Amino acid sequence: MEYDIQRIESHWQKQWKENKVFSVDIDHSKPKFYCLEMFPYPSGNMHMGHVRNYSIGDAMARFQRLMGKNVLYPMGYDSFGMPAENAAKKEGGHPHNVTERNIAMIRTDQERMGYSYDWSRTFATSTPEYYRWNQEIFIKFYEAGLVERRFAPVNWCNDCDTVLANEQVKNNRCWRCGLEVVQKDMAQWFLRMTEYADELLDDLDHIDFPENVKAMQRNWIGRSHGAHIDFPIVGDDSVIGAFTTRPDTIFGVTFVTLSPEHPLCELLVAGSEYEAGWRDLRDECSKMSEFERINMLKEKKGVPLGRFAVNPLSGEKVPIYAGNFVVASYGTGAVMAVPGHDQRDYDFAKKYGLPIKPVLSRIDGEEAIEENPVLDSLGYMTNSSREGFDGLFGDDAKAAVIEILESEGAGHGTVQYRLKDWLLSRQRFWGTPIPMLHCDNCGVVPVPSQNLPVELPLDVKFSWGESGNPLASNDNFLFTDCPKCGGPARRETDTMDTFYDSSWYFLRYGDSNNKSTPFDREVIDYWMEGGIDLYIGGIEHAVMHLLYARFFTKATRDLGMNTVGEPFGQLVCQGMLNAPAPFCIECNTEYHIDNFDGECPSCSKALGTRQAKMSKSLGNTVSPGVMVDRYGADTVRLFILFGANPEAGMDWSDNAIVSNARQMQSLIEAFESSQNFSNSPNQIDDWVLARMRLNHSKWKIAMENVSLREGVMISHFDMLSDWQWYRRRGGSDANTRNIFFTNWIPMLAPATPHIAEEFWSKIGGQEMVSELIIRDVATFDDDITHLSKETYLRNLIDSSRNIKGLAQRHSETPISSCIIQTAPDWKNALASSAISLKSTDFDFKKNGQDYVKSLDIFSMTELRGEIFQTWQSLILGNKKNRGKIYTWSEGEKSLISSKFDETELINNNAEFIAKALSVDSVTSYKVGDGDDIAGKARVSSPLDPGISFL
RNA sequence: GCAGGUGUACCCGAGUGGUCAAAGGGGUCGGGCUCAAGUUCCGAUGUGUAGAACUUCGCAGGUUCGAAUCCUGCCUCCUGCACCA
């Protein structure tokens, strides 16, 4: 058949669409399966990363449909965001138009790949039909006390009079005017995600996420148990509250360090000689962005504040410092410094000549010693200035200190999180307007539900000349009446972080045409039971999106909107796609593909090649459109799925895609060349059907485990090579073909659905494969025998080939015939007995010898040596292998037990074997029934005949 | 530094106690079909040998009759987090 890719693929895509085969509704008679990929930001055409993501999801959706599941498989667009705004500025249009155009492009690409989405549920988050529910949920959160408006520091440029996004700050300077950026407090909207910190962390133990994602989320939430300890300030009523995870080192505190921004600093130094030093340090720190503060801070610096604090347990007076390494936003912004057991404090103490007091020892009862590097692991308390602590270790020590702190009102056990509340507001246009009003009389007022959505105006001009958020200068948008008092009010002009949109979109898919609520509870409980059954996306969203979505699901659950608390039942993060890029070993740097075969731009050495993540900046991307035009969607999908398992990284290879195209061609060839079969049964029929049944069950298990590479290997490679072997062995029976292909074609559908439909229609399938439900293929009792016989034959040919090469070297004339001596009856009988004895509790060690001696054949004295040898190899084996009764497969054992006639099988297939070995003749007889050629009689054993060549 | 992962033949990659010199794919080499090419089919691809033996699954030890697989230590590379108290 001519493989007319374009015709076949467009034909079936049209059929699927016209017959709405992928539309689903609630159906309680079937188990549901919710398969979802992270929806894309529509930036234009689909790229290879998308293709990989969706090919995995589509294969699973199609597989689960075949398994009889009611599959929800939707697609939509995460279409709010800055790029659309920037594109609009560039083109002088509106982000809305840019977005609509891009969505149309990517959707065309997706349809061309043949993905089986239920398009009736699709939506884009930038439409009022979607974002009005963002607003509705926001107000519900507000009413539930989860929304907070408070001041937070942002990057601010004085010259441009505007907030800058992190990406717009380069080297701490404004990207536009070059002025240094400062931190400025501004009123911002927050979602109180920290309320759910414990649940978000603890539930990780019970969900099916990859370990690295769990680790990242645990890291991000960063819960640490410790103590809050109050250090009273000498000569002042205020106290310094410090957080520590190491209360067991409290007796080693020799100073206290505050972050330079700590509000107490100013109080403490006001009017003193220390004020100037502190101001310098604070200004230096405040100039730095968060990024620099964390990543570029090399030198630990501090200034004394000239005051002292009191260690609440020991009563010792210790000096107070401000230090640039103390982070204001973590804990309380104050640290009790224990230079004896904290490396940073040690370095700091050395630099400023502060005392060092070790209070932990490695061995109970030993003195604590000053050392560098310090002992910062757990130790035995010692040198404590109060009774009852020395000798305590680890958690006991911590608990004891916390207990006394609490009893004396000087502190308490506490928990700290790294996780912060979600800063939701953005000073951007292309996002969901925050549905809040500012009224002079009533303050902040939520927009009433019946007035939603607060729509983004379309009459807004975008140009590079304008700065700030166009909403702030749009009077029609800005001015309104207060719903409470009727007086004049201004709308909030900040919009929501676009991660908000993607935090619940999977809930909307269940009920995406609902006009009265975000989603109906009963509907969503059906689809979301046990979470989304398979969620597939990139690892880059491990923390942000996945954490936000988990938070959202718990929050809406607590609002009574849904039942589940965890949105994702199983998460699969697909690996990176790599392609070759020029690489300099010296500089450890990858360069743009323009540099192939050139020299390193920085060190001038010749460039090599290395696989690197596909990226625009390297130019090593591969366009899916070009590949689909050239090879077809099926081939691209096959390449993607066969190239690597979903989680593994994957290298693009031009050779490999060509070879997958060949594989497609071979499948077609195998199919076509079997269409004119007539009824001509052959003994190999049983074998190929047994193989089919075995493969089918292995395939099903692999697919259920999302081991797509393994699944595709069985469906597209193993099945084909079995079919080719069948043909080589003379198989050409129409009935066998019908059974084989009827079972095989559906297996092809998940990865290569178009060709599967084409085949299916040609063999007279009534419905489409996409509508088919397949049953388990039951194996037959004698499958194992058919498989084992053929395996025997193939093994025989393999070893004969090997031996033939050796034999040729020992022969003066060219080899022309093969003589195979099968094991004598007594060896088979011996093996058969050993097998059946093994299934009883026979003690071979104790009774083996006696058993052999009791056999009739043992009376033949000339055989005794060989008998013992055979017995040995059956039950004991040698140094390398255990006895054969332990290593034979079930099939092999059943062949032996059933007195399988090796000679007969070989002679019946002599012609085929001869051809495979390129010899004129193959003859087989039992040892003793003919001449012992090349002394092979002795080495013959059951299933392992003596092979000789003449 | 902490956490998660990784290391297998020329390359990619499967393999979790013996049936393992180790699936499958790519590459390379040889052969069939063909005037030729090949969207084709067959075979070879650690050394070696009338089927032995030997060496090999990051390195070094250990457990075991037996280790790619289990244990201990070390190294490598990747990813994430980080002066986080």
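Computed from a predicted structure; not experimentally measured. Heavy-atom basis, side chains included; hydrogens, waters and symmetry copies ignored. Chain A is the first sequence line, chain B the second, and so forth, proteins listed ahead of strands; every chain is numbered from 1.
Relative ring orientation between A/Trp725 and A/Phe912 is described as perpendicular, the plane-to-plane angle rising above 60° on a 0-90° scale split at 30° and 60°. In this pair, A/Tyr330 and A/Phe243 present their aromatic rings perpendicular. The plane angle is above 60°, beyond the 30 to 60° band.
Look at the C1' atom in both B/rA21 and B/rU55: the space between them is 10 Å, to the nearest Å. Remark: the separation of the C1' atoms in B/rU49 and B/rC54 is 11 Å, to the nearest Å. Nucleotides B/rC42 and B/rG25 place their P atoms 11 Å apart, quoted to the nearest Å. The P atoms of B/rU76 and B/rC10 are separated by 24 Å, rounded to the nearest whole Å. Nucleotides B/rG32 and B/rG38 have their C1' atoms positioned 13 Å apart, rounded to a whole Å.
Distances shorter than 4.0 Å separate some side-chain N or O of A/Ser659 from OP1 or OP2 on B/rG26. Proximity of A/Arg662 to the phosphate of B/rU40: a side-chain N or O atom is located under 4.0 Å from OP1 or OP2. The shortest distance between the side-chain N/O atoms of A/Arg418 and the OP1/OP2 oxygens of B/rA82 is below 4.0 Å. For the pair A/Arg709 and B/rG25, the criterion of a side-chain N or O lying under 4.0 Å from OP1 or OP2 is not met. A/Gln343 has no side-chain polar atom (N or O) that falls below the 4.0 Å cut-off from OP1 or OP2 of B/rC83. Between A/Ser918 and B/rC42 there is no side-chain N or O to OP1 or OP2 distance below 4.0 Å. An OP1 or OP2 oxygen of B/rU19 is reached within less than 4.0 angstrom by no side-chain nitrogen or oxygen of A/Arg882.
Rounded to a whole Å, the CG atom of A/Asp798 is 13 Å from the P atom of B/rC42.
Comparing B/rA23, B/rC83, B/rG25 by their closest approach to the side chain of A/Phe325 singles out B/rC83.
Side-chain to base pairing of A/Asp944 with B/rG51: one donor and one acceptor N or O lie within less than 3.5 Å of each other. Residue side chain A/Lys936 reaches the base of B/rG51 through a donor-acceptor N/O pair under 3.5 Å, judged by distance alone.
Residue contacts for A/Pro945: at a heavy-atom cut-off of 4.0 Å it reaches a base atom on one of the strands shown.
The residues A/Arg218 and A/Asp205 are annotated as salt-bridged, a charged nitrogen and a carboxylate oxygen being separated by less than 4.0 angstrom.
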